[in-house]
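Sequence positions, counted from 1, serve as the residue numbers for this chain. In each ligand, atom 1 is the first atom listed, and ligand 1 is the first ligand listed.
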Amino acid sequence: MANLNSLLRDLDAQMREDGNWGEPANYIPELARVDPAQFGITVVTADGKVFSAGDTDTLFSVQSITKVFTLAIALGRSGDQLWKRVGREPSGRAFNSIVQLEREEGRPRNPFINAGAIVTTDEVLDGRAPRDALAEIIQFIRSAAGSNEIHINEAVAASETEHGHRNFALAHFLASFNNLKSTPEMTLGTYFHHCAVEMTTTQLAHAGRFLMGVPKMSRLVSMARVRRLNALMLTCGHYDGSGDFAYRVGIPGKSGVGGGILAIVPGKASVAVWSPGLNTYGNSNKGTEALALLARKMNWSIF
Ligand code: GLU
């Protein structure tokens, strides 16, 4: 795949030439401060080769991408029990919608919208101290990435806690429907901290290897679970932009408001892309653009 290197270099140049970086997330002050004129992409292939271009050594806040890891842990801990508390359908609504949660009586549509991710975090927490749950989450991510140099950015976690009124509203709603086992404060403390994990695109692409479903790459979770995680990423990984992402890119992906996207080409590659400017759905603008171009050039699609 010699041409992958030059392809990524061309993509990087094209993204920078186009300008129009867009705006980073503005509701978390620590994220709003990030310079939007940045772009990085890393591809790890099934045979372990690594290709990259752009700002691949810069740490960024992975935010909702951690929901894939917490979901893998929650399913490992409680199996199908989780689905009594969270659905598996696309939401067609913003990531932090409150109205849907009320209409559906406290059972979030899927584990990737905020309400569903809060329930998933609560399942991982399950009566433990938040620090113990966080230790398990960080350890899972580090094993997946094959790097101990992955940490939580405390300033981002604090910023989100201070400004997290919507998430507090969602958590209290969930509690009012008896769909939280721990207190909203404990569950959200854990949620905000795992969302504040920082990675480079190189680390994130490595952390996604287990989702390729290539046994020799990683045995972190079973093949059956890998398929299910990918199915949820495809149908729900980009909030109400999930259909658009499936149409334009054609592979499973999970975005975060920090501007990162982890995309998986089953059996072939794990791709991490980052650019902080967001589109109207709250997903990375140039990240989506770059993945659409890359998938087309490489003929990567699950369809
Ligand atoms: N921590 C973010 C929030 O709860 C995650 C949202 C995202 O990355 O899409 O608002």
Side-chain angles (χ1 to χ4, degrees), residues 22-34 59-71 86 90-98 100-101 108-122 124-125 130 134 137 141 152-174 180 184-199 204 207 232-233 235-242 244-245 253-263 272-285 287-288:
E23 293 299 319
N26 58 13
Y27 72 102
I28 305 174
E30 276 295 310
L31 298 186
R33 303 195 294 120
V34 176
L59 289 168
F60 63 94
S61 194
V62 296
Q63 292 292 320
S64 280
I65 302 169
T66 52
K67 295 173 182 175
V68 178
F69 305 113
T70 52
L71 177 60
V86 192
S91 67
R93 295 235 172 227
F95 67 100
N96 56 5
S97 170
I98 288 177
Q100 191 170 53
L101 189 61
R109 267 294 169 94
N110 69 60
F112 292 152
I113 52 169
N114 284 7
I118 292 167
V119 169
T120 306
T121 299
D122 186 62
V124 174
L125 190 56
L134 281 168
I137 295 168
I141 296 174
I152 290 169
N153 181 323
E154 290 292 340
V156 172
S159 181
E160 205 180 337
T161 309
E162 193 182 339
H163 298 268
H165 304 299
R166 277 226 169 209
N167 285 322
F168 277 102
L170 288 169
H172 281 280
F173 242 99
L174 290 164
L180 275 194
E185 288 69 25
M186 277 172 78
T187 302
L188 280 184
T190 313
Y191 170 81
F192 291 144
H193 277 81
H194 75 66
C195 284
V197 163
E198 292 188 315
M199 283 194 241
L204 182 58
L232 289 162
M233 287 167 76
T235 52
C236 313
H238 283 73
Y239 308 120
D240 47 341
S242 298
D244 188 58
F245 187 85
K254 181 73 204 87
S255 69
V257 285
I261 302 177
L262 173 63
V273 61
W274 169 64
S275 184
L278 305 181
N279 61 24
T280 48
Y281 301 117
N283 303 316
S284 175
N285 197 16
T288 309

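Qualifying ring-ring contact (aromatic ring centres under 6.0 Å, His included) partners for Phe69, counting only residues two or more places apart in sequence or in other chains: none. By the ring-ring contact (aromatic ring centres under 6.0 Å, His included) test, Phe60 is found to be paired with Trp274, residues two or more places apart in sequence or in another chain being considered.
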For ligand 1, list all ligand N or O to protein N or O distances below 3.5 Å, rounded to 0.1 Å.
{"unit_1": "ligand 1", "atom_1": "1 (N)", "unit_2": "Gln63", "atom_2": "OE1", "d": "2.6"}
{"unit_1": "ligand 1", "atom_1": "1 (N)", "unit_2": "Glu160", "atom_2": "OE1", "d": "3.1"}
{"unit_1": "ligand 1", "atom_1": "1 (N)", "unit_2": "Glu160", "atom_2": "OE2", "d": "2.6"}
{"unit_1": "ligand 1", "atom_1": "4 (O)", "unit_2": "Asn114", "atom_2": "ND2", "d": "3.0"}
{"unit_1": "ligand 1", "atom_1": "4 (O)", "unit_2": "Glu160", "atom_2": "OE2", "d": "3.0"}
{"unit_1": "ligand 1", "atom_1": "4 (O)", "unit_2": "Asn167", "atom_2": "ND2", "d": "2.8"}
{"unit_1": "ligand 1", "atom_1": "4 (O)", "unit_2": "Tyr191", "atom_2": "OH", "d": "2.7"}
{"unit_1": "ligand 1", "atom_1": "8 (O)", "unit_2": "Ser64", "atom_2": "N", "d": "3.0"}
{"unit_1": "ligand 1", "atom_1": "8 (O)", "unit_2": "Ser64", "atom_2": "OG", "d": "2.7"}
{"unit_1": "ligand 1", "atom_1": "8 (O)", "unit_2": "Val257", "atom_2": "N", "d": "2.8"}
{"unit_1": "ligand 1", "atom_1": "9 (O)", "unit_2": "Ser64", "atom_2": "OG", "d": "2.9"}
{"unit_1": "ligand 1", "atom_1": "9 (O)", "unit_2": "Tyr239", "atom_2": "OH", "d": "2.5"}
{"unit_1": "ligand 1", "atom_1": "10 (O)", "unit_2": "Tyr27", "atom_2": "OH", "d": "2.4"}
{"unit_1": "ligand 1", "atom_1": "10 (O)", "unit_2": "Asn114", "atom_2": "ND2", "d": "3.2"}

Using distance only, find each side-chain donor-acceptor pair of residues 187-199 under 3.5 Å and give its atom names and separation, not counting sequence neighbours.
{"unit_1": "Thr187", "atom_1": "OG1", "unit_2": "Asp122", "atom_2": "OD1", "d": "2.9"}
{"unit_1": "Thr187", "atom_1": "OG1", "unit_2": "Thr183", "atom_2": "O", "d": "3.2"}
{"unit_1": "Thr190", "atom_1": "OG1", "unit_2": "Met186", "atom_2": "O", "d": "2.8"}
{"unit_1": "Tyr191", "atom_1": "OH", "unit_2": "Asn114", "atom_2": "OD1", "d": "3.1"}
{"unit_1": "His193", "atom_1": "ND1", "unit_2": "Gly189", "atom_2": "O", "d": "2.7"}
{"unit_1": "His193", "atom_1": "NE2", "unit_2": "Glu154", "atom_2": "OE1", "d": "3.1"}
{"unit_1": "His194", "atom_1": "ND1", "unit_2": "Thr66", "atom_2": "OG1", "d": "2.9"}
{"unit_1": "His194", "atom_1": "NE2", "unit_2": "Thr121", "atom_2": "OG1", "d": "2.8"}
{"unit_1": "Glu198", "atom_1": "OE2", "unit_2": "Asn153", "atom_2": "ND2", "d": "2.8"}

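When every heavy atom of Leu71 is checked against every heavy atom of Thr120, the shortest pair comes out as CA-CG2, 3.7 Å.
Around CD of Glu185, the count of heavy atoms belonging to other residues, nucleotides or ligands within 6.0 Å exceeds 12.
In this structure, Lys254 and Phe112 have side chains that are in contact, with non-hydrogen atoms separated by less than 4.5 Å.
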